[in-house]
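See structure below.
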Amino acid sequence: MTLWEELTARGLIAQVTDEEEIKELVNNGKATFYIGFDPTADSLHVGHFMALCLMKRLQMAGNKPIALLGGGTGMIGDPSGRTDMRKMLTKEDIQHNIDCFKQQMSRFIDFSDGKAIMVNNADWLLNLNYVELLREVGAHFSVNRMLTAECYKQRMERGLSFLEFNYMIMQSYDFYMLYQKYGCNMQFGGDDQWSNMLGGTELIRRKLNKDAYAMTITLLLNSEGKKMGKTASGAVWLDPNKTSPFDFYQYWRNVDDSDVIKCMKLLTFLPLEQIQEMEAWEGSQLNKAKEILAYELTNLVHGEEEAKKAQEAARALFGGGADSANMPTTELTDADFTDGAVDLISLLVKAELVGTRSEGRRAIEQGGVTLDGEKIMDVKYVVAKEALTGDGKVLKRGKKKFNKIIVK
RNA sequence: GGAUGGUUUCCCGAGUGGCCAAAGGGGACAGACUGUAAAUCUGCUGGCAACGCCUUCGGUGGUUCGAAUCCACCACCAUCCA
């Protein structure tokens, strides 16, 4: 199976400019391609992860990846697919975020010996001369055309600042620069980047009279059409300090039935034949598939050791096993006790299972709190210090949030 | 620059002087049912030392016994005009 066939079979490809040419380049390892990452946060998330995986697949097939960090474009903010303006980032934030990105990326992509390059568009964007740029590049863009671009549609109603309007031009300029500097002939990106990417191929055609290609990756949407990789409290991050390996594992363990196979194809490196077998699975059997998905992804992002730990902790908690060795733990000290005891609500707060005491009280009243498997509905319940020494106790709030409490 | 309309709790959105911690919906959370899924039903959704108290309705002042509601100024957003 060729690389192209595999990408297609996995459903990774959304749109392409020239299928035949791209197929040819990619299959034969002749593509030098780039993917841009704007430093909008201090960690990569699942969307970035998909892009990195694609990068890796192509790299393995002999193509040369360029990871572009948006030190310059991050100063502007991409309006694509957004209903309101992004918060403007300070230069310091951007630099910090770039440093974080770099670190995380090098875990996935091999940058040694020029097998891949990492560049920062701040290097050329920040020194641009306004009038010169307008004459050199601006002349090639039609405002009429830009306004009809899909990426601005949502913003035409809510308002679009001139700053953000220029994002497309910056991104196009990136491609143009990379084409000249590194012979970069292809750009990949999320499907919401399509218009921006076309801007680049157009610019190269007009300025250099050369062909360059663009291809977008399917956006990871759930069966309801919403972006995946988001939780109530924000994105699912790749940084273990922002999203713990266990939470990361659980996120995938809990995807809807209807999304498992799709995630498997889009996000893992499991062979297609194996995934096809799972497609036949039904009902509770899908739980097995979810476990595999969660393990695979945690393994890719956090390594084998963390993946095993997360899996064991999950099995212990939901499978009724007694092994609580790998559970997230809260350690208490003497200062947490008054008269050798601590009340249950405080315990919930200390373990960060609830945000406020009121929330804790509510959880208890509604029968959502158990201590070592025993349901407690008394709001005034008090736990003695002795009960928490030794192996400690497992405090659980709801079905999926829990913490082992132990006295140090 | 001018005119008009707007800014309400996580989101949408009611409320136009006391009965307002603020209707309704969504989401989130908890319970039942399940498979750590979905659907459904129920509860719940500012905080706290909790039959009470404190903080909240863009910001700052003011009127009033009493303000999310009235007044003034400021900020931001939308539409139309220039």
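Each chain gets a letter, A, B and so on, in the order the sequences are listed, and its residues count up from 1.
- Summarising the geometry, the separation between CZ on A/Phe318 and P on B/rG35 is reported as 15 Å, rounded to the nearest angstrom.
- Here, B/rA68 and B/rU60 have their P atoms 13 Å apart, quoted to the whole Å.
- As the counterpart of B/rG1, B/rC81 is assigned, both hydrogen-bonding distances of the Watson-Crick or G-U wobble pattern falling under 3.5 Å.
- Partners of A/Phe165 according to the ring pair (Phe, Tyr, Trp, His ring centres under 6.0 Å) rule, which considers only residues two or more places apart in sequence or in another chain, are A/Tyr152.
- In this structure, B/rC19 makes no Watson-Crick or G-U wobble pair, since no nucleotide meets both defining distances under 3.5 angstrom.
- Using P as the reference atom, B/rU36 and B/rU42 are 24 Å apart when rounded to the nearest Å.
- With the nearest nucleotide of RNA chain B identified for both A/Arg357 and A/Ser258, A/Ser258 has the one nearer the 5' end.
- Distances from the side chain of A/Arg361 to the nucleotides B/rA49, B/rG35, B/rU36 place B/rA49 closest.
- Rounded to the nearest Å, the gap between the P atom of B/rG59 and that of B/rC10 is 13 Å.
- Proximity of A/Lys399 to the phosphate of B/rC29: no side-chain N or O atom is located under 4.0 Å from OP1 or OP2.
- Atom CD of A/Gln187 and atom OG1 of A/Thr216 lie 10.5 Å apart (nearest 0.5 Å).
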B/S/- contact track for nucleotides 38-46 of chain B, protein heavy atom under 4.0 Å: S----BSS-
Counting only pairs under 3.5 Å, give me each side-chain donor-acceptor contact of residues 293-301 of chain A, with atom names and distances, residues two or more places apart or in other chains.
from: A/Thr298; atom 1: OG1; to: A/Ala294; atom 2: O; distance (Å): 2.6
from: A/Asn299; atom 1: OD1; to: A/Glu304; atom 2: N; distance (Å): 3.2

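- With rounding to whole Å, A/Glu365 atom CD is found 13 Å from B/rA50 atom P.
- Scanning for salt bridge (Lys or Arg N to Asp or Glu O under 4.0 Å) contacts around A/Lys64 gives an empty result, with sequence neighbours left out.
- Distance check on atom P: B/rG13 versus B/rG18 gives 24 Å, rounded to whole Å.
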Sequence neighbours left out, cut at 3.5 Å: what donor-acceptor pairs do the side chains of residues 339-357 of chain A make with other protein atoms?
from: A/Asp343; atom 1: OD1; to: A/Ser346; atom 2: OG; distance (Å): 2.6
from: A/Asp343; atom 1: OD2; to: A/Ser346; atom 2: N; distance (Å): 3.2
from: A/Asp343; atom 1: OD2; to: A/Ser346; atom 2: OG; distance (Å): 3.1
from: A/Asp343; atom 1: OD2; to: A/Arg357; atom 2: NH2; distance (Å): 3.3
from: A/Ser346; atom 1: OG; to: A/Arg357; atom 2: NH1; distance (Å): 3.1
from: A/Lys350; atom 1: NZ; to: A/Asp336; atom 2: OD1; distance (Å): 3.1
from: A/Thr356; atom 1: OG1; to: A/Glu359; atom 2: N; distance (Å): 3.1

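- Distance noted for atom C1' between B/rC74 and B/rA30: 44 Å (whole Å).
- Across all strands shown, B/rC76 forms a Watson-Crick or G-U wobble pair, both distances under 3.5 Å, with B/rG6.
- Spacing between B/rA22 and B/rG46 at atom C1', rounded to whole Å, works out to 11 Å.
- Take A/Lys102 and apply the salt bridge (Lys or Arg N to Asp or Glu O under 4.0 Å) test, not counting sequence neighbours, and it matches no residue.
- A heavy atom lying under 4.0 Å from RNA chain B marks none of the residues of residues 333-344 of chain A.
- Not a single salt bridge (Lys or Arg N to Asp or Glu O under 4.0 Å) links A/Lys401 to another residue, sequence neighbours left out.
- Between A/Glu291 atom CD and B/rG35 atom P the separation is 16 Å, expressed in whole Å.
- Residues from residues 371-384 of chain A that place a heavy atom under 4.0 Å from any atom of RNA chain B: there are none.
- For A/Phe33, the ring pair (Phe, Tyr, Trp, His ring centres under 6.0 Å) partners at least two apart in sequence or on another chain are A/Phe188.
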Begin with the C-alpha distance, continue with both residues' side-chain angles, and end with the deciding distance and a verdict on side chain to side chain contact (heavy atoms under 4.5 Å, CB included) for A/Tyr249 and A/Glu291. CA-CA 9 Å; A/Tyr249 179 94; A/Glu291 202 172 46; 3.3 Å; yes
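- Within the structure, ring-ring contact (aromatic ring centres under 6.0 Å, His included) pairs that include any residue of residues 387-408 of chain A comprise A/Phe246-A/Phe402 (at least two apart or interchain).
- Atoms CZ and CZ, on A/Arg253 and A/Phe318 in that order, are 8.0 Å from each other to the nearest 0.5 Å.
- Counting non-hydrogen atoms under 4.0 angstrom, A/Glu359 reaches nothing in the nucleic acid.
- Here, B/rG25 and B/rA14 have their P atoms 15 Å apart, quoted to the whole Å.
- Remark: B/rC70 base-pairs with B/rG62; criterion is Watson-Crick or G-U wobble with both hydrogen-bond distances under 3.5 Å.
- In this structure, B/rC77 shows a glycosidic angle more than 90 degrees from zero, which is the anti conformation.
- The CG atom of A/Leu353 sits 14 Å away from the C1' atom of B/rA30 (whole-angstrom rounding).
- Atom NZ of A/Lys308 is surrounded by 12 or fewer heavy atoms from other residues, nucleotides or ligands within 6.0 Å.
- Atoms CG (A/Asn287) and C1' (B/rU36) sit 7 Å apart, rounded to a whole Å.
- In terms of the salt bridge (Lys or Arg N to Asp or Glu O under 4.0 Å) criterion, A/Glu5 has no residue partners (sequence neighbours excluded).
- Taking atom P in both B/rU4 and B/rC19, the straight-line distance is 33 Å, to the nearest Å.
- To the nearest angstrom, P of B/rA28 lies 12 Å from NZ of A/Lys401.
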